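To start, the structure itself, in structure tokens.
Quick caveat: nothing in here was measured; it's all calculated off a predicted structure. Every chain is numbered from 1, with letters handed out A, B, ... down the list of sequences.
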Amino acid sequence: MAGYNFKRIESKWQKKWEKSRIYEAEFPSKKKKWYSLFEFPYPSGDGLHVGHLRPYIGLDIISRKRRMEGYNVLFPIGWDAFGLPTENYAIKTGIHPEKVTKKNTDNFRRQIKSVGPSLDWSREINTTDPDYYKWTQWIFLKFFEHGLAYKANMPINWCPKDKIGLANEESVGGKCERCGTETIKKDKEQWMLKITAYAEKLLAGLKDVDYLETIKTQQVNGIGKSEGALIPFEIKNPWPGRQISLAGQANIKNGGVEVFTTRPDTLFGVTYVVLAPEHELISKLKTQISNLWEVEKYIAESKKKPEQERVVEGGEKTGVELKGVRAVNPANGKDVPVYVADYVLANYGTGVVMAVPAHDERDWEFARKFKLPVKMVICPNYPEPTCPPLTAAYTGGGRLVDSGKFNGMESEDAKQAITHFVAGKKEVKYKLRDWVFSRQRYWGEPIPLIFCENCASNPKLKDPWPGRQKSKLSLGEEMNPGWIPVADLPVKLPKVKDFRPGENGESPLASLEKWVKTKCPKCGKPARRETDVMPNWAGSSWYFLRYVDPKNKKEFANIKKLEYWMGAALPSRSSKSEGGVDWYNGGMEHVTLHLLYSRFWNQFLYDIGLVPHREPYRKRTAHGMILGEGGIKMSKSKGNVVNPDDMVNIYGADSLRLYEMFMGPFDQAIAWDSKNMEGVSRFLGRVWSFAVEKEITKDSVGGRLEPLINRTIKKVSEDIETMAFNTAVSSLMIFMNECRNEERIPQKVWARFLLLLAPFAPHIAEELWSMLKHKKSIHLEPWPTYDPELIHEETFELIVQVNGKVRAKVSVKRGISEVEAKELAMKAPGAAEYVARGIVKIVFVPNKLINFVVK
RNA sequence: GCUCGGGUGGCGGAAUGGUAUACGCGCAACACUUAAAAUGUUGUGAGGUUCAUCCUCAUGAGGGUUCGACUCCCUCCCCGAGCACCA
């Protein structure tokens, strides 16, 4: 019989599987469903490297096991193909992104197929396909209708040299990626999605899902909820005769500011107040600021600074006092100086901070630099009479001191009491900002809105188009006067000649006057199209929904199919809303944004009754990155990219799969080492030669190998569930090593080994399975089970310890009693002499060890 | 700075509080071969000791809990990832 010819075997079975379509998901089906998902790739021009494949192989193993366990498995793939690299390539070469995308996806598809994953290719999707992005646009309009999309003035990164707007990822460290010029912020009208409206729900939803703890933490941090209070500070009028006119907040009588704080208990410790440079109060107080020129100079400088520099680590705090302006502490009526400093952020809280240097690190630092007083009001070790002098800010809790009638109160209680005392109010703030949904770019989904001057000035004038509620504006139209949804989706991306963004920071689409000029779908008067496109994140925010019904022309997905695959039901049918993708794996780098965005879309669609499940993913795990040899990131420029094509050529797909799983823990970053491919390759070679050289008997009992195969089944089954693929592979190797001594093996044992091997090395397992004269694919056979009674040998090595140190080993029967074990162990050479010293205590662990504690 | 991981042979890494170093790479010796490759067999933490044996020391450092600690607790050092002036 010939040697292990992986090339022949692999191409043979890949063709057969494709033809027999054994990996395609069924619908309808009476079986239990299973939906496993990996993050669909961005098809870059560089092709796949071995790192991309790790999560695919891992989930393929899980999916294959589920299929063998009798589930109806949905394991789909698609392409997240809109994006900047393709667009930039188009700008450079003039080749249309569509062509580039086609070429790249073809290459990716070929590469992925070459490792034989059990993907359902009949459900392949592509975010750049108009049949797909029609629904991305459609969902966007749903957001619009429900008042969750709005236009706002938001800064974009602008390169003054290239005269183009840059995406955040192109403005590296505040510099233009192409020419290195420092970018500046330029205000532009942009579409926003109101994700902040879902902050609380996104937080609450985490309770029902099974994400890795670190992933949950990142979600929580990304949302950044903090509970605190708004406290009013009045601005003292230095010239009592003169009237100061200030647009006051609700609960400030004479004008002033509200501060947001999470520590109202420290209010008596406030020694100054700080405004963000952008704060509007500064211009309103102009006439009172005696050092106005200095203040304005500071503001101008800090505006020039790119955000990165403003937030340098350990950077010296800067600021300027507003001379002539004082703020009044509502707790004690005392007035404190007011500063402007850029360590206060304009877009968080109210843009004003009450500074408590004694109990806040940033304020401490600032106060030290500007020699401002530090007043301690929280004492950590009360009732000790004296509090230790502060050498740093104390940010913990304790009891209040030097705080008037609140002295002695617990800081937690004081939060409420003091807020109430100064007529402040409780307030919750989030770090999460609304999502800037516009890109002034080409290669993205056009935003399907039209601006109509006529409708803007006469909002209720005309009837809407057929099929919509008559005489009532949607929330989106109310909020964004004149913006009218396109009636016929998709809005196809028009062809352009020049893919460069426009001179004034507009999308290349803005240059297509013919396309831009259109008729209002509502009143029929001349109108203009929105020329911005959606960000990369749009298509990936809902792709997991499309997989259940990828070819549907009428809906983004059929509700029956959604209910089946997500394992949940619409509220009208059942109260079961927990469901979603059963297992979603992806990179750690997407754990904040992509996860947040897609959870937001799904929750919104759930709220408006379009999907049955509240949360998109039941379980989320993350794989570790594969680094180049030497432990550095694989990149073209470093020349350390390992191409899977080469590995498949030299060692075969099964070896590559096995090595990627064997190299180390799945969730940890690990350096590639092609040398180590030898090990798994030899293992498969041994499996092959064993199968062809040794006798496979028809015995109906497992014989000597029965305990080992049972242990192996247990280990492999459990390890797959925890993604401990490396130890699963090693236990397969251990089994094979043990077999080497055998001249014949019962088919009963061998078959179970092949079944365990099948998810890892599907081609060789299938070939060897067919050599056992099986007609059906091994991948449709039931997963083997083990008998807990059979996993142990009859005898074991009893470890004999003296004072916790191993002194002897004795081979004894399983289930030996303590008394018997003691007898044998005491006589064991190596232990006897110690035991003679006199036993103080004996510790006996059944079927494992006996420990003599001696003098 | 904060949060979460991690630190074990020459290397990748294993170990429900119970034989540390599984499995693999590499290396060495041997077998097969005219020879090499491939393959197979055996050995392989360090130091000492003996013909076999045995002893001591080793899981980033230092303490602690325990009959027994890579594992649990405290202090500190280093590496990686994420967040980063969010009041």
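Among the atoms of the strands shown, none is found under 4.0 Å from any heavy atom of A:D363.
Going from the C1' atom of B:rA81 to that of B:rC70 covers 23 Å, rounded to whole Å. Remark: the separation of the P atoms in B:rG26 and B:rA20 is 28 Å, to the nearest Å. For the C1' atoms, the distance linking B:rU8 with B:rA69 amounts to 14 Å, nearest Å. When the C1' atom is used for both B:rG18 and B:rG13, the distance is 22 Å, rounded to whole Å.
Seen from the ring of A:Y584, A:R620 counts as a face-on cation partner, given the 6.0 Å and 45° thresholds. A:F760 does not carry A:R657 over the face of its six-membered ring by the limits of under 6.0 Å from the centre and within 45° of the normal.
Panel note: side chain A:T271, backbone A:P373; a donor-acceptor pair is recorded below 3.5 Å.
When each of A:E361 and A:R433 is assigned the nucleotide of RNA chain B with its nearest heavy atom, A:E361 is the one assigned upstream, toward the 5' end. Residue-to-nucleotide proximity on RNA chain B shows that, of A:S730 and A:K675, the 5′-proximal contact is made by A:S730.
Of all nucleotides listed (B:rA15, B:rC25, B:rC67), B:rC67 comes nearest to the side chain of A:K841. The side chain of A:S226 has B:rA87 as its nearest neighbour among B:rA87, B:rC23, B:rU19. Side-chain proximity of A:Y343 to B:rC67, B:rC85, B:rU41: nearest is B:rC85.
Checked against a 6.0 Å centroid threshold, the rings of A:Y272 and A:F366 count as neighbours.
Taking 4.0 Å as the cut-off between side-chain N and carboxylate O, A:K714 and A:E718 count as a salt-bridged pair. Taking 4.0 Å as the cut-off between side-chain N and carboxylate O, A:K429 and A:E227 do not count as a salt-bridged pair.
For B:rG9, the base adopts the syn conformation, since its glycosidic angle falls within 90 degrees of zero.
Ring pair A:F6/A:Y4 is perpendicular by interplanar angle, where above 60° counts as perpendicular and below 30° as parallel.
In this model, the phosphate group of B:rG40 is not approached by any side-chain N or O of A:R682 to a distance below 4.0 Å at OP1 or OP2.
Taking a pair as Watson-Crick or G-U wobble with both distances under 3.5 Å, RNA chain B forms stems of 3 or more consecutive pairs at B:1-7 with B:77-83, B:10-12 with B:23-25, B:26-31 with B:39-44, B:45-48 with B:54-57, B:60-64 with B:72-76.
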